[in-house]
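Both ligands and their constituent atoms are indexed starting at 1 by order of listing.
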Amino acid sequence: MTHKLSTSFGFHQVTPAERRRRVRAVFDDVARRYDLMNDLMSFGIHRLWKRSLAAMAAALPGGLAVDLAGGTGDVARLLMREDKWRVLVCDASPAMMETGRDGAAQSPQPGWVAAEGEKMPLADDAADLVTIAFGLRNMSDPEAALSQCRRILKPGGRFICLEFSRPHALLRPFYDLYSFQVIPRLGAWIAGNPDAYQYLIESIRRFPKQEDLAGMLREAGFEEVAYRNLFFGVACLHWGTAPARVRDSA
Ligand SMILES: C[S@@+](CC[C@H](N)C(=O)[O-])C[C@H]1O[C@@H](n2cnc3c(N)ncnc32)[C@H](O)[C@@H]1O
């Protein structure tokens, strides 16, 4: 199957700073429709995947959790169902966080920090858990973001990443058809921004597959790295543990 990839964005031919600006513009633009689009695109399955992430976190001792690229706060709110977690959402798009804050006025709120994952304004060893759901592929420098995640984790702290990944070969033709034909149209109808959703599809395709991402986690210094496929590899949970280490300047 051949795919007609949009060239209008050209995200991959621009400087990291320009890419960051464009990615942020995408999320600022779709923020109000983002949660609805997620439910429609995934038939609500993204909620089950996020629950798998939260279930993994529920088995940990608790403390401060940082949800990087936390968007409207879905994962943060799931984590906060367990009293043992205090949660800080860190996201580059103020509009995504405002949408989350406005939509959940009655429920306990996480803390919200507007910042890039590549340069988080948090102290070394600050967190007991760092989560990131569908965010790493949007980073202009994912290696730097992983390194930051390790830096802000206490030794022994856990990193958990939920991200789209490489589906099983049998599923791929249907997956391709759906993602290239249906999602951009949904993006046009519901969010009024087909290019934004074309970007999302492209970013999924370019993202490293399961083993490669596990290698990136090890490169960033995480130990006990492992992963578990969700829905035949359409998405994947990766995790790792921050080591006791000699401090560096990551
Ligand atoms: C696909 S959304 C995921 C939101 C949420 N985690 C979820 O699962 O619903 C990606 C999020 O990454 C954020 N983002 C993109 N680039 C980022 C960066 N460099 N640093 C921090 N957040 C970033 C976007 O603003 C957006 O909220």
Side-chain angles (χ1 to χ4, degrees), residues 9 11 14-42 44-54 57 65-80 87-101 103-104 110 112-122 129-149 152 159-165 179 183 186-187 191 193 196-204 206-207 230 234-238:
F9 266 61
F11 270 75
V14 297
T15 62
E18 176 59 10
R19 185 173 190 277
R20 277 201 291 279
R21 194 194 62 72
R22 291 189 193 187
V23 169
R24 188 178 142 184
V26 163
F27 288 104
D28 281 347
D29 193 64
V30 301
R32 295 276 154 193
R33 293 295 171 98
Y34 176 81
D35 288 327
L36 174 64
M37 269 299 289
N38 261 359
D39 283 334
L40 290 175
M41 282 187 313
S42 74
I45 293 172
H46 74 106
R47 293 185 185 277
L48 299 180
W49 294 339
K50 288 171 182 169
R51 278 190 200 162
S52 299
L53 184 162
V66 175
D67 185 37
L68 175 57
T72 55
D74 265 18
V75 168
R77 278 186 285 275
L78 281 176
L79 294 175
M80 287 166 70
V87 186
L88 209 52
V89 171
C90 177
D91 195 283
S93 163
M96 288 288 282
M97 293 189 290
E98 270 160 37
T99 302
R101 204 164 30 215
W112 305 89
V113 179
E116 305 274 348
E118 293 89 340
K119 214 174 172 183
M120 282 189 274
L122 297 169
L129 169 68
V130 175
T131 55
I132 179 166
F134 306 113
L136 194 58
R137 70 172 194 281
N138 295 297
M139 306 277 158
S140 54
D141 188 346
E143 286 86 359
L146 286 173
S147 178
Q148 286 282 300
C149 293
I152 66 167
F159 172 71
I160 311 177
C161 171
L162 170 61
E163 190 49 272
F164 288 108
S165 199
S179 34
I183 289 182
L186 271 178
N193 191 338
Y197 283 88
Q198 183 73 32
Y199 156 71
L200 289 181
I201 302 305
E202 288 180 32
S203 65
I204 292 169
R206 288 172 192 271
F207 195 68
L230 301 170
V234 169
C236 190
L237 274 172
H238 280 76

Checklist entry - Taking distance alone, with no angle check, do S140 and ligand 1 share an N/O pair under 3.5 Å? => result no

Checklist entry - Judged by non-hydrogen atoms, does A115 sit under 4.0 Å from ligand 1? => result yes

Item to check | Sub-4.0 Å heavy-atom contact, V75 with ligand 1 | outcome: no

Checklist entry - Should M139 be counted as touching ligand 1, given the test is an N or O pair under 3.5 Å? => result no

Item to check | Distance-only N or O hit between ligand 1 and D91, under 3.5 Å | outcome: yes

Checklist outcome for this item: Short version for N38: what comes under 4.0 Å of ligand 1, heavy atoms counted, is side chain

Item to check | Interfacing atoms of ligand 1 (cut-off 4.0 Å, heavy-atom, A133) | outcome: 3 (C), 5 (C), 6 (N), 7 (C), 8 (O)

Checklist entry - Against heavy atoms of E118, which atoms of ligand 1 measure under 4.0 Å? => result 18 (C), 19 (N)

Checklist entry - At a 4.0 Å cut-off, with the gap strictly under it, does some heavy atom of M97 reach an atom of ligand 1? => result no

Checklist entry - Would one find more than 12 heavy atoms of other residues, nucleotides or ligands at under 6.0 Å from atom CZ of R20? => result yes

Item to check | Proximity flag R20 to ligand 1, non-hydrogen atoms under 4.0 Å | outcome: no

Item to check | Nearest-neighbour protein heavy atom for atom 5 (C) of ligand 1, which is reported as residue plus atom name and distance | outcome: A69 O, 3.5 Å

Checklist outcome for this item: Shortest non-hydrogen pair, G70 vs V89, comes out as CA-CG1, 3.7 Å

Checklist entry - Backbone or side chain, does any N or O of G117 fall under 3.5 Å from an N or O of ligand 1? => result yes

Item to check | Donor-acceptor contact present, side-chain E118 to main-chain M139, <3.5 Å | outcome: no

Next on the checklist: For M37 versus L186, what's the shortest heavy-atom pair and its separation?
Outcome noted: SD-O, 3.7 Å

Checklist entry - Purely on distance, is any nitrogen or oxygen of G135 under 3.5 Å from one on ligand 1? => result no

Next on the checklist: Are the side chains of C149 and M120 in contact, using a 4.5 Å heavy-atom criterion?
Outcome noted: yes

Checklist outcome for this item: ligand 1 atoms nearer than 4.0 angstrom to some heavy atom of F134 are 1 (C), 2 (S), 3 (C), 8 (O), 10 (C)

Item to check | S93: numbered ligand 1 atoms lying under 4.0 Å from its heavy atoms | outcome: 25 (O)

Item to check | Any donor-acceptor pair under 3.5 Å from R77 side chain to T72 backbone | outcome: yes

Checklist entry - Does any N/O atom on D67 come nearer than 3.5 Å to any N/O atom on ligand 1? => result no

Next on the checklist: Can you classify the ring geometry of F27 versus Y34 as parallel (below 30°), tilted (30 to 60°) or perpendicular (above 60°)?
Outcome noted: perpendicular

Checklist entry - Would you say L230 and V234 make side-chain contact, with heavy atoms under 4.5 Å? => result no

Next on the checklist: Just verifying a value: how many Å separate D67 CG and T131 OG1, rounded to the nearest 0.5 Å?
Outcome noted: 3.5 Å

Checklist entry - For ligand 1, which atoms, with element, lie under 4.0 Å from some heavy atom of V23? => result 15 (C), 16 (N)

Checklist entry - What do the steps show when you test W112 against D91 for side-chain contact (heavy atoms from CB on, under 4.5 Å), and what is the final call? => result CA-CA 8 Å; W112 305 89; D91 195 283; over 6 Å; no

Checklist entry - Taking distance alone, with no angle check, do L68 and ligand 1 share an N/O pair under 3.5 Å? => result no

Next on the checklist: Taking the side chain as everything from C-beta on, heavy atoms only, tell me whether I204 gets closer than 4.5 Å to F134.
Outcome noted: no

Checklist entry - Side chain, backbone, both or neither: which part of M96 comes within less than 4.0 Å of ligand 1 when only heavy atoms are counted? => result side chain

Checklist entry - Taking T99 for the side chain and A95 for the main chain, is one N or O donor matched with an acceptor at less than 3.5 Å? => result yes

Checklist entry - D74 to ligand 1: N or O pair under 3.5 Å? => result no

Checklist entry - Does at least one non-hydrogen atom of T72 fall below 4.0 angstrom from an atom of ligand 1? => result no

Checklist entry - Are any non-hydrogen side-chain atoms of P94 and D28 less than 4.5 angstrom apart? => result yes

Checklist entry - Against heavy atoms of K50, which atoms of ligand 1 measure under 4.0 Å? => result 7 (C), 8 (O), 9 (O)

